[in-house]
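Everything on this sheet refers to the single structure shown next.
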Amino acid sequence: MATYKVLLLPGDGIGPEIMAEAKKILDWMNETGIARFEMEEGLVGGAAYDAHGVAISEEDMDKALKADAVLFGAVGGPQWDDVPYEVRPEAGLLRLRKDLELFANLRPAICYPALADASSLKREVVEGLDILIVRELTGGVYFGEPKEIVTLESGEKRAVDTQLYHEHEVERIARVAFDLARARNNRVHSADKKNVMKTGVLWDDVVRRVHETDYADVELHHILADNCAMQLVRWPKQFDVIVTDNLFGDILSDVAAMLTGSLGMLPSASLGPADAEGRRRAMYEPVHGSAPDIAGQGKANPIAMIASLGMMLRYSFGMGDWADKVDQAIANTLARGVATADIAWDGARVVSTAEMGDMILAELKALAG
Ligand code: NAD
């Protein structure tokens, strides 16, 4: 059996509380011989700043580079609001994304039946929803140069951001999206603004070329990003995989996120380029932050963290069957009428972070047979 090296970076606030619940599942998988995870732990964010004066130490960065996957909690909190900009908690996250070259951000939006009423949309629109947004994460307008505010001779200020994409950046994210679609419902929508942006024209050309040459079996649709936003709230179940650039992905993934009800439910994966054996550097993390308002109270919802672990099993370790079981264990737990406070519906029994983690693990054990 292969041994997988996993680096756990719990971070700040509720990070360590939710990570403890994910770790229970990894420990159980180790004990039962389902897999062999070699786990190391490190500090990131405010915790790393307090210990080392930086947002992540070189030693922990080295561990991240050597790991098969990184499981990340959350960083930040008011106690670090005034630390120098370069060592603020988020700098640890950005450094990890940059040094691991995590160019593909995957955000699933799954609506569990028990939570369909938590969405702002009607139950029939969201119940059973399962879509995946694939966002380009390292290029586009967030990084393009020039990026500046200049004062003109007239004294007026002018701000510039540059939307910039190379063919290879579009090609590699398109390939990730098509590969993922093949393992799902085989449908990709590529969203851009080719009607008004040159980067959109190039984006569409490259996606079509990659499709024609290597992925003709996958259903491909082009959609303008603004229409995509509308369709996401009109009838989201028409989508399977949506691939889009950094800026549109930022917005569309937040829209999709809210279809499912709560921040505490949303996992994510960020993948890097494949090596010669097809293995990718990868980091898995909940979408939410460190929730300082509820930290240390046992109120945090561990589901986004546990679902992130599920994504790790699926995308880094080829354990799709176990990832399915983790998702099913979450669904079964909710179907029993238990919830953490953030997702509690009328009549639900409100449980703590640890109780929720224990119940999901118990469901997983039952599914394992
Ligand atoms: P947040 O996501 O931490 O919290 C927003 C709201 O959602 C809060 O009311 C919080 O209690 C609730 N919430 C979030 N996750 C929850 C969970 N698992 N269970 C129950 N409730 C949950 O966002 P914020 O309040 O804007 O930011 C707090 C800190 O987190 C800031 O320092 C911010 O910079 C940082 N942050 C970090 C990340 C990250 O580490 N990836 C992402 C976003 C924000």
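Computed from a predicted model, the values in this text were never measured in an experiment. Every number for a ligand or one of its atoms is a count from 1 in the order of the listing.
- Between K299 and ligand 1, not a single N/O pair is under 3.5 Å apart.
- Atoms of ligand 1 lying under 4.0 Å from any heavy atom of G289, numbered from 1 in the order shown and given with element: 1 (P), 2 (O), 3 (O), 30 (O), 36 (N), 37 (C), 38 (C), 42 (C), 43 (C), 44 (C).
- Residue-environment remark: CG (D82) stays at or below the threshold of 12 foreign heavy atoms within 6.0 Å.
- Backbone and side-chain nitrogen or oxygen atoms of V287 are examined, and none is located within less than 3.5 angstrom of a nitrogen or oxygen of ligand 1.
- Distances from atom 24 (P) of ligand 1 to the protein include no heavy-atom value under 4.0 Å.
- For atom 9 (O) of ligand 1, the nearest protein heavy atom lies closer than 4.0 Å.
- In this structure, A304 falls outside the shell of residues with a heavy atom less than 4.0 angstrom from ligand 1.
- Protein heavy atoms are absent from the 4.0 Å sphere centred on atom 27 (O) of ligand 1.
- Checked against a 3.5 angstrom limit, the closest N/O atoms of V75 and ligand 1 fall inside it.
- Looking at P89 against ligand 1, nothing comes within 4.0 Å, counting heavy atoms.
- E90 OE2, 2.6 Å is the protein heavy atom nearest to atom 34 (O) of ligand 1.
- Closer than 4.0 Å to atom 1 (P) of ligand 1 lies at least one heavy atom of the protein.
- Using a 4.0 Å cut-off between heavy atoms, I14 contacts ligand 1 through its side chain alone, with no backbone atom that close.
- Residue L93 touches ligand 1 through its side chain alone, judged by heavy-atom distances below 4.0 Å.
- Only the side chain of E285 comes within 4.0 Å of ligand 1, judged by heavy-atom distances.
- Heavy atoms from both the backbone and the side chain of N301 come within less than 4.0 Å of ligand 1.
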